[in-house]
Number of protein chains: 2
Amino acid sequence: MNERTGIGATAAIARFVSTLRSEDFPREAVERAKMIVADSFACILSGAGSEVAPTMLAYIDEAPGGAVPILGTTRRATPQLAALVNGTFAAALDYDDLMTPVHPSAVVVTALCSELGGGTVSGKRFLEAYIVGIEVGAKIASAIGRGHSGRGFHATATLCGFSSFAAIAYLKALSATQIEHGLGIVATNSGGLLCSLGTMAKPFHSGLAARLAVDAEALTRLGFTASPVALEAERGFFAAYGDENSDANLIEASLGRPWAVIDPGATLKRFPSCIAGHRAMAAVLDLKKLGATAGNVENIEVAVAPGALQPLMYPKPETGLQSKFSMQYAVAAALVDDRVGIVTFETDATQREAVKDVMSRIHAWEDPQQAVEDPVSANLSWGYRGYARVTATLKDGRVLRQRIDVPPGHPSNPLDWSDLGDKMRDCAASVGLPPEKAALAFEALRELDTLPDVNAVIDHLVKVE
Amino acid sequence: MNERTGIGATAAIARFVSTLRSEDFPREAVERAKMIVADSFACILSGAGSEVAPTMLAYIDEAPGGAVPILGTTRRATPQLAALVNGTFAAALDYDDLMTPVHPSAVVVTALCSELGGGTVSGKRFLEAYIVGIEVGAKIASAIGRGHSGRGFHATATLCGFSSFAAIAYLKALSATQIEHGLGIVATNSGGLLCSLGTMAKPFHSGLAARLAVDAEALTRLGFTASPVALEAERGFFAAYGDENSDANLIEASLGRPWAVIDPGATLKRFPSCIAGHRAMAAVLDLKKLGATAGNVENIEVAVAPGALQPLMYPKPETGLQSKFSMQYAVAAALVDDRVGIVTFETDATQREAVKDVMSRIHAWEDPQQAVEDPVSANLSWGYRGYARVTATLKDGRVLRQRIDVPPGHPSNPLDWSDLGDKMRDCAASVGLPPEKAALAFEALRELDTLPDVNAVIDHLVKVE
């Protein structure tokens, strides 16, 4: 119970979501959301070509029926199963956005896509619902704190169900009471362990969170009851999933102040790989402009902050999935490839001799000096702490240097619409979607805030039999 | 990693389940299982008439299709949705069995029912699978310890997914590797908060656990990967859901030693209400034999152990659901009703003047002396600590006394087949299933260990359009 207002966190969220009006959303929030949503659609699409796709498609083929499209395919499924599969696709390539500690956007967009049936939904309303979802999840994440992940929970799995349910609740104009029960359904179904990383269960977490939100809407609409105080209850979500620093009372005052979609905003990924390698890759792309090539490089030294190599555990990757978690591969591929994209991180690409040759001349290390320069660096996640300094020594003796502090795609170093267009084209190509369909989808997404019906976007992103 | 054998808990469970042969199951285990399974089928059936049924049936009607029957109805659904709904039904009346800290059997039976399609499954194999499921869940529960519930998790929700997946894994003869990944899927999807008690989400937990197991089988079969060390991993289930006393290493040596279905065994409920009132009700039934009647009782005093009234929070219940958690109502209804059954705890029944009249003359209290007599009593759950002592003073001055230490249905005071027959009849009647169908089902369940195909039981427990 919040001492200032006398209502609990669950009721506060329900009131926030149920009383928002279209004019409450700042123009900047809508503009930011438009770019993230476009990025999310590209990411969902790409999953249909990923290694988890055959299993997920076989899974829904066992339960035929339903009207909601699976992006990048000819399939349709029930809202719940479509959310599960589209949500899994969204995270399959590690290409979707980050808003630490979660990857929320593709989950929220996926859940919303399952709720578009039976009518038109304007692009503006879709964007507002997205903003609401991101907002609620971000503020729950802040209030439960880092101890949640520290305990072993994968926050994208455990928290994005709240995000996506809140988005649906706004889209469908649920009442405050319905939202309280819906949040209770989400809370009492939340799971997701960090030990699942590196397996299909990791992207599946995003699908589960999306499905949970769709389920919560259906059940709430049909009269289901759950705890209406599930976040803050004595034996509720914060008690079970948090630690002694978690405080559900922090949520209320933080909602919309500022909007999370603006501050801190989302990092949109330029490369389909672990964020921890992105700054070094960006540095290599700069060094190529200065004359570095695979042929003329004698060796490359990559210095990052203490801990920043932790997730990059494959110095000699054998598969596409491993290559996404390899600093050596990321740097070599950035030097060799004309364009770094989805193909760069596929298993075949890891076998290229030219890349292996460069990898053998790369030295990646963690520089303790970076911790001295910025003592709070260790509190940041892998891709943001310190900086990446890449030094290429050429065979002719020249030494080229570049230091990158902010990864490409970060809100302070954002992708632009042209970058997003490239990403959409890359994702569409990876699943064999005709380029003209991807182009039409992208055009619609650029103007999503004035689009009369967001279903038009979906129609462009599915295959026809 | 277990120091003695060098394998982890997840692998140990997988090995145990995948190497069991039919001859490994003691005769006594099969006999005990047969009775519990019969009881479970009755409980699942009864849920189709419960207050959660309209919502759950409307929910599956939104996703038509599937071949698995929903007991007590004419509906069919996909294996996943059938498990969700049958599982929810199983717990809807608080009539299903207990094996502290969980209500496992109806969840396991429900999940198994979703896996019977497309062939015959002998009753013997079904019983063995049930025994395996109960075994694995019970030993995980012991190893994670009481801190799990203490943190706010509803163990039926969070642990019975393991139980029901292990049962399916035995039934389907999954490989050890498949079982490891399946346990990983369950672990990374587990949820369920104690704050949901008293809402529809509580029985829903049983359905979710059953669905999770069915999902895990389907995904594992289709090639899905999850953490194969999910129980014991550094950021795995025990770390996230346990406390400092949790120890996954305890599991391996405890599997099958002794079989949980024999020791401690399950308590089958005689009455469809909170176990905490059962001993007092049994005492009243005895006092009736000594001459107590609603008409001749001046007052009734009920003394229970400290804490035993905690869940019985409705001295004057207004609804059927509240009446299940009322000592006053339970005692009065036991005195008034010729037979205590499902109808006893329906909303209409709570309005009876004869019952209200008796309730006004009941004094229920917690006797501190019981804690002195048995200092470890407080460690037991509500329905088992201490004893119930009922004293009825009659209008003619006689004083009748009865003390009950062990609730009816406890393994040391078990229901017999005649009791179970009554229960099946009562459950069938509550959903309008023809009595002759219930009788045929019950006959088949009595001989389940020699029944060629368990589908025959299911056929008797569904309605025809």
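Order of the sequence lines fixes the chain letters, A, B, ..., with proteins taken first and strands second; residue numbering starts at 1 for each chain.
By number of non-hydrogen pairs under 4.5 angstrom with chain A, the leading residue of B:Ser149, B:Gly192, B:Ala77 is B:Gly192. Most heavy-atom pairs under 4.5 Å with chain B: of the set A:Val52, A:Ile185, A:Leu208, A:Leu81, this distinction falls to A:Leu208. Of the listed residues (A:Pro228, A:Ala233, A:Gly184, A:Gly223), the greatest number of heavy-atom pairs within a distance under 4.5 Å of chain B belongs to A:Gly223. Contact count against chain B (heavy-atom pairs under 4.5 Å) is highest for A:Gly236 among A:Ala63, A:Pro64, A:Gly236. Ranking A:Ala239, A:Cys195, A:Ala201, A:Gly191 against chain B, the residue ahead of the rest is A:Cys195, based on heavy-atom pairs under 4.5 Å. In terms of heavy-atom pairs under 4.5 Å with chain A, the best-connected choice from B:Arg211, B:Lys202, B:Glu234 is B:Arg211.
B:Thr225 places a side-chain N or O within donor-acceptor distance of the main-chain N or O of A:Met200, the cut-off being under 3.5 Å. Of the possible donor and acceptor atoms, one in the side chain of B:Thr188 sits under 3.5 Å from a partner among the backbone N and O of A:Leu193.
Heavy atoms closer than 4.5 Å to chain B are found in both the backbone and the side chain of A:Ala230. The part of B:Gln80 that comes within reach of chain A is its side chain, from C-beta onward, which places non-hydrogen atoms under 4.5 angstrom from that chain. Contact of A:His205 with chain B is made through the side chain alone, with heavy-atom distances under 4.5 Å. For B:Leu194, the parts sitting under 4.5 Å from any heavy atom of chain A are the backbone and the side chain alike. The part of B:Thr78 that comes within reach of chain A is its side chain, from C-beta onward, which places non-hydrogen atoms under 4.5 angstrom from that chain. Contact of B:Ala58 with chain A is made through backbone and side chain together, with heavy-atom distances under 4.5 Å.
A:Tyr59 and B:Phe224 have their aromatic ring centers separated by at least 6.0 angstrom.
Going from atom CE of A:Met56 over to atom CG of B:Leu219 covers 6.0 Å, rounded to the nearest 0.5 Å.
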